[in-house]
Amino acid sequence: MLSAPKEDDVNSQLEAMQTILAKDYHAIAVSPITPYNLVPGVAEATQKGIPVVAVGTSMDVQAAEEAGARIEAFITSDFAKQGELGAQFIIEKIGSGKVAIIEGLPGAAQGEARKDGARRAFESNNNIELVSVQPGNWDRKTAYDITADLIQAHPELKGIFCANDVMALGAVEALQAAAKKEQVVVVGVDFIEEAGESIRRGEFDATVAMSPFLFGKGGLILALKVLEGHELQDDIYWSPLGLVHGENLEAFSGWR
């Protein structure tokens, strides 16, 4: 398994795929950082007759078609629903007031979808005022700085949805430093271990859990099915979601 050194390093991810293509693999699973950055790599795999499955994220359909890049199967999660679930939790907790969204890397499919899902949920409620949507680039320090500025600009802020837990933990730290955490509900996505520990301590309010483990397992199964000549019935295979908070944290023990 190869990966980019950072979540926003699109060039290194393509280089990693090109390294894989130089070896004797029968199938490849990819999780593109953006809908476009691995299109050349997948096109090369297609030309070589190496089937590619996508896990978590995939490619832009038009760009892939134009490049001759083929994805044989795709297993993912409903990223927009993740944003919606997180935003709805905040709405239920605060009732009314000002909220903000810290999105991920602009252009990254999962971050864009989470942002859009949260935005729709907030904007569909007349009691909620969405005052800011800013990119946190998946980075904890960036989210910390955004949050510090937000609570200066909007002292009455009541909720922040972050497109991943790393940024949400940065937001929590900024709120704690300003003695504002009790006022602001923070929700993230991913259910990483540190997020669960923070929820247990009563700091972090909630996170939307998806299953990267099932991405990997499902991607492997789909790749084997393709290699064995099975006809796949669905264009997209969906994995489960869960909203984790203080009241149900223990029920998610062992989730992966």
Side-chain angles (χ1 to χ4, degrees), residues 7-8 10 30-38 53-64 71 73-94 99-139 143 146 159-168 171 185-192 195 204-216 218-219 222 234-245 252 255:
E7 289 189 80
D8 60 354
V10 293
V30 298
S31 184
I33 292 175
T34 76
Y36 303 97
N37 72 297
L38 290 187
V53 300
V55 295
T57 56
S58 190
M59 302 185 302
D60 179 82
V61 174
Q62 182 175 345
I71 294 292
F74 182 27
I75 181 168
T76 190
S77 175
D78 189 335
F79 296 115
K81 186 66 174 180
Q82 292 168 14
E84 180 185 340
L85 287 171
Q88 288 293 350
F89 180 87
I90 292 172
I91 293 168
E92 290 169 9
K93 289 295 182 183
I94 68 174
V99 299
I101 296 171
I102 300 179
E103 63 172 297
L105 179 71
Q110 68 271 43
E112 293 287 349
R114 290 168 183 167
K115 174 190 70 176
D116 292 344
R119 185 199 290 271
R120 285 194 294 270
F122 286 142
E123 292 181 344
S124 66
N125 190 303
N126 293 331
N127 296 319
I128 299 296
E129 181 183 358
L130 179 59
V131 297
S132 176
V133 180
Q134 298 184 54
N137 300 322
W138 307 127
D139 183 70
I146 290 172
I160 302 175
F161 171 77
C162 297
N164 76 356
D165 285 344
V166 171
M167 296 187 299
V185 176
V186 178
V187 178
V189 180
D190 286 336
F191 190 32
I192 64 174
F204 191 3
D205 295 281
T207 180
V208 181
M210 59 177 192
S211 181
F213 172 80
L214 288 181
F215 285 176
L222 289 171
D234 299 308
D235 293 330
I236 300 177
Y237 294 82
W238 298 99
S239 60
L241 297 175
L243 183 69
V244 185
H245 48 80
F252 281 85
W255 175 281

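- Put simply, CD1 on Ile160 and CD1 on Ile90 are 8.0 Å apart, with the number rounded to the nearest 0.5 Å.
- A pairwise comparison of heavy atoms in Phe215 and Ser239 identifies CE2-OG, 3.1 Å as the closest pair.
- Between Leu130 and Ala100, the shortest heavy-atom distance links the atoms CD1-CA, 3.9 Å.
- Closest approach of Ala209 to Val244, counting heavy atoms only: CB-CG2, 3.8 Å.
- Rounded to the nearest 0.5 Å, atoms CH2 (Trp255) and CZ (Phe191) are 9.0 Å apart.
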Legend entry - Stepwise side chain to side chain contact (heavy atoms under 4.5 Å, CB included) check, Lys81 with Leu241: CA-CA 9 Å; Lys81 186 66 174 180; Leu241 297 175; 3.8 Å; yes
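- Two residues are said to be in side-chain contact when any heavy atoms from C-beta on lie closer than 4.5 Å; Ile236 and Thr76 meet this criterion.
- With rounding to the nearest 0.5 angstrom, the CG atom of Leu243 is 6.0 Å from the CG atom of Leu85.
- Across every non-hydrogen atom of Ile146 and Pro135, the tightest pair is CD1-O, 3.4 Å.
- At least one side-chain heavy atom of Pro240 sits under 4.5 Å from a side-chain heavy atom of Leu214.
- Scanning both residues, Phe204 and Ala168, for their nearest heavy atoms gives CZ-CB, 3.4 Å.
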May I have the list of side-chain donor-acceptor pairs in residues 105-115 shorter than 3.5 Å, sequence neighbours left out?
| from | atom 1 | to | atom 2 | distance (Å) |
| --- | --- | --- | --- | --- |
| Glu112 | OE1 | Lys115 | NZ | 2.9 |
| Glu112 | OE2 | Gly107 | N | 2.7 |
| Arg114 | NE | Gln82 | OE1 | 2.7 |
| Arg114 | NH1 | Ala163 | O | 2.7 |
| Arg114 | NH2 | Gln82 | OE1 | 3.2 |

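- Using a distance-only test at 3.5 Å, with no hydrogens or angles considered, a donor-acceptor pair links the side chain of Ser31 to the main chain of Val55.
- To the nearest 0.5 Å, atom CG of residue Asn137 and atom CD1 of residue Ile102 are 11.0 Å apart.
- Between Asp190 and Thr207, the shortest heavy-atom contact is N-OG1, 3.5 Å.
- Here CG of Asp116 is found 8.5 Å from CD1 of Ile101. Values are rounded to the nearest 0.5 Å.
- Applying the salt bridge (charged side-chain N to carboxylate O under 4.0 Å, His left out) criterion to Asp165, with sequence neighbours excluded, gives no partner residue.
- Applying the side-chain hydrogen bond (donor to acceptor under 3.5 Å, both in side chains) definition to pairs two or more places apart or across chains, those involving residues 121-132 are Ser132-Gln134.
- Residues Met167 and Asp139 fail the side-chain proximity criterion, which asks for heavy atoms closer than 4.5 Å.
- More than 12 non-hydrogen atoms from other residues, nucleotides or ligands lie less than 6.0 angstrom from CG of Asp234.
- With contacts defined as side-chain heavy-atom distances shorter than 4.5 Å, the pair Ile94/Val99 qualifies.
- Rounding to the nearest 0.5 Å gives a distance of 10.5 Å between CZ of Phe161 and CD of Glu84.
- In this structure, Thr57 and Phe79 have side chains that are in contact, with non-hydrogen atoms separated by less than 4.5 Å.
- Ring orientation note: the planes of Phe89 and His245 are close to parallel, at an angle under 30° on the 30°/60° scale.
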